[in-house]
Amino acid sequence: MTSRIHPSAVIEDSAEIGVGCDIGPFCHIGPEVKLAPRVVLKSHVVVQGQTTIGEDTVIFPFAVIGEIPQDLKFDGEKTQLVIGARNRIREHVTMNTGTKGGGGVTRVGDDNLFMAGCHVAHDAQVGNRVIIVNNAALAGHCILEDDVIVGGLSGVHQFVRIGRGAIIGAVTMVTNDVIPYGLVQADRGRLDGLNLVGLKRKGVSRADITALRAAFQMLAQGEGAFQERAKRLGEETDSEYVHHIVDFILGDTDRSFLTPG
C-alpha cells in the first residue's frame, strides 16, 4: 500500500513517511518527522521538530504540530513531540515539543479529539480518549489522565494535573489539580461535584457511583486537612474508583487542589 503525496506538499529529506499515508496539498513536513502508517494530513498542515505521529491519526488544515515551545527559556535544544494512534486533530490546533527543563517530551496518547483552535503546550502529558474542545488551551507541564474532557475556551494552568474521567466546563480557568471524576466549572474553576453523566455513560456500576458520592461528601465535609481526609478514605473503601481519587490526591504534585465547596 503506497502513500499518496500531493505534488504541492514539501517533505524534507530524511523525513519518514509510513505506508498508506495521505499527504494533502501545501503540507510541509520537516526532516526529523516520523509518520506511522495511514496518517492523513488533509492540507496546509505543518509538522516540524522531532515529532512522531501514530498510525491512523488525521490532522486537519492549518494545524501546526511540533514547532518550538512558547517558552523564553527554550534555547534550541533537541526535544520531542510524541503523538499516539487514531487521534483527530482539527483545524488550527497547535502542539509544541518539550523543553529541557520539563523532561524534553510533550506526549499525547491514543484516540483523542482535539477540536479546532486548541493548544497543547510544551511538556504536557495527555492520556487516552481525551477531548479538548474548541479554543481550549493546556499550558506547559500539564498532565491530563484518561477520559478527561476540557470545555471550549477553557484554560489549564501550567503544572496542573487533571485526574481521569474529570470534566471541565466551558470558559473555565483551572488553576489547581482536579480529582478523578471531578466536575469543574465557573470562570475561576470550582469543584462542584462529580462527572456523573460521564460515569454513567462508561457503565460504572451503581455501587461504585454511590461510593464516589460518599467519598466526595467526606472530602468536602470530613475533619482534618484535605490530604488527611483522602488518606482515611483510602483506608475505609474497597471501591477501585474511590482509590483512583485517593491515589491522585496523595500523589506528587506542584499545585494545590480544587477542593469541594
Side-chain angles (χ1 to χ4, degrees), residues 1-128 130 132 135-142 144 158:
M1 183 179 183
T2 59
S3 294
R4 187 175 69 171
I5 300 173
H6 193 276
S8 66
V10 176
I11 301 177
E12 302 284 354
D13 292 342
S14 75
E16 298 182 17
I17 309 299
V19 296
C21 288
D22 189 345
I23 313 300
F26 303 104
C27 293
H28 186 183
I29 300 176
E32 299 176 295
V33 171
K34 297 179 181 179
L35 303 184
R38 300 179 303 281
V39 169
V40 176
L41 309 184
K42 292 283 191 175
S43 73
H44 297 84
V45 175
V46 175
V47 187
Q48 293 289 341
Q50 289 189 336
T51 296
T52 301
I53 300 177
E55 61 188 28
D56 297 307
T57 290
V58 179
I59 305 180
F60 285 73
F62 303 104
V64 179
I65 308 300
E67 268 293 359
I68 64 172
Q70 298 178 105
D71 184 341
L72 293 175
K73 299 186 296 301
F74 182 74
D75 194 29
E77 59 265 27
K78 290 292 187 180
T79 57
Q80 300 178 65
L81 169 63
V82 178
I83 299 173
R86 299 177 303 280
N87 289 284
R88 295 296 178 267
I89 301 173
R90 295 303 304 250
E91 298 83 354
H92 298 278
V93 169
T94 52
M95 296 184 180
N96 295 157
T97 57
T99 63
K100 181 178 179 181
V105 182
T106 304
R107 193 177 303 276
V108 172
D110 303 331
D111 301 300
N112 301 295
L113 171 59
F114 298 89
M115 294 189 188
C118 66
H119 176 64
V120 178
H122 60 86
D123 306 297
Q125 309 292 309
V126 179
N128 305 311
V130 169
I132 311 294
N135 298 299
L138 308 181
H141 314 279
C142 290
L144 273 63
Q158 61 201 41

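Owing to the predicted nature of the structure, the values given are computational and were not obtained by experimental measurement.
The distance from atom CD1 of Ile17 to atom CD1 of Ile11, rounded to the nearest 0.5 Å, is 4.5 Å. Here the CD atom belonging to Gln158 is positioned 8.0 Å from the SG atom belonging to Cys142, to the nearest 0.5 angstrom. Remark: Leu41 CG to Leu35 CG distance equals 6.0 Å, nearest 0.5 Å. Interatomic distance, CD1 of Ile132 versus CE of Met95, reported as 8.5 Å (0.5 Å rounding).
Considering only heavy atoms from C-beta on, Glu91 stays 4.5 Å or farther from Phe62 through its side chain. Val39 places none of its side-chain heavy atoms less than 4.5 Å from the side chain of Glu55. Within the 4.5 Å cutoff, the side chain of Val105 has heavy atoms near those of the Val82 side chain. You'll find the side chain of Lys34 stays beyond 4.5 Å of the side chain of Gln50, heavy atoms only. Within the 4.5 Å cutoff, no side-chain heavy atoms of Arg88 are placed close to those of Met115. Within the 4.5 Å cutoff, the side chain of Phe60 has no heavy atoms near those of the Ile89 side chain. You'll find the side chain of Ile65 reaches within 4.5 Å of the side chain of Ile59, heavy atoms only. Side-chain contact between Ile29 and Gln48 is absent, with no heavy-atom pair separated by less than 4.5 Å.
Heavy atoms only, all atoms of each residue included: Ala121 and Gly140 are closest at CB-N, 3.5 Å. Contact detail for Ala15 and Gly30: the closest heavy-atom pair is CB-O, 3.3 Å. Nearest heavy atoms, Gly20 versus Ser3: N-OG, 3.4 Å. Nearest heavy atoms, Ala124 versus Ala139: CB-O, 4.4 Å. Nearest heavy-atom pair across Gly24 and His6 is C-CB, 3.6 Å. Contact between Ala63 and Arg90 at its shortest, heavy atoms only, is CB-O, 4.1 Å.
A salt bridge links Glu32 with Lys78: the distance from a Lys NZ or Arg NE/NH1/NH2 to an Asp or Glu carboxylate oxygen falls below 4.0 Å. Ion pair Arg4/Asp22 flagged as a salt bridge, since at least one NZ, NE, NH1 or NH2 atom sits closer than 4.0 Å to an Asp/Glu carboxylate oxygen. Between Lys100 and Glu77, none of the side-chain N atoms (NZ, or NE/NH1/NH2) sits under 4.0 Å from a carboxylate O, so this pair counts as no salt bridge.
Without hydrogens or angle criteria, Thr57 side chain to Gly84 main chain gives a donor-acceptor distance under 3.5 Å. In this structure a side-chain-to-backbone donor-acceptor pair under 3.5 Å is present from Asp123 to Thr99. The closest donor-acceptor contact from the side chain of Thr97 to the backbone of Gln80 lies at 3.5 Å or more, if one exists at all. Formation of a donor-acceptor pair under 3.5 Å by the Ser8 side chain with backbone atoms of Phe26 is found in this model. The main-chain N or O of Pro61 is never found under 3.5 Å from a side-chain atom of Ser43 such that the two would form a donor-acceptor pair.
Around CZ of Arg107, the count of heavy atoms belonging to other residues, nucleotides or ligands within 6.0 Å does not exceed 12.
In summary, the side chains of His141 and Gln125 do not present any donor paired with an acceptor at a separation below 3.5 Å, with no hydrogens or angles considered. No side-chain donor-acceptor contact under 3.5 Å links Asn128 and Asp111. Between the side chains of His122 and Thr106, no donor-acceptor pair is found at a separation under 3.5 Å.
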Pair Lys42-Val58, side chain to side chain contact (heavy atoms under 4.5 Å, CB included): steps then yes or no: CA-CA 7 Å; Lys42 292 283 191 175; Val58 179; 3.9 Å; yes
Stepwise side chain to side chain contact (heavy atoms under 4.5 Å, CB included) test for Ile68 and Asn96: CA-CA 6 Å; Ile68 64 172; Asn96 295 157; over 6 Å; no
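Checking each of Asn112, Asp110, Asp56 against Asn87 for a side chain to side chain donor-acceptor pair (under 3.5 Å) leaves exactly one that passes, namely Asn112.
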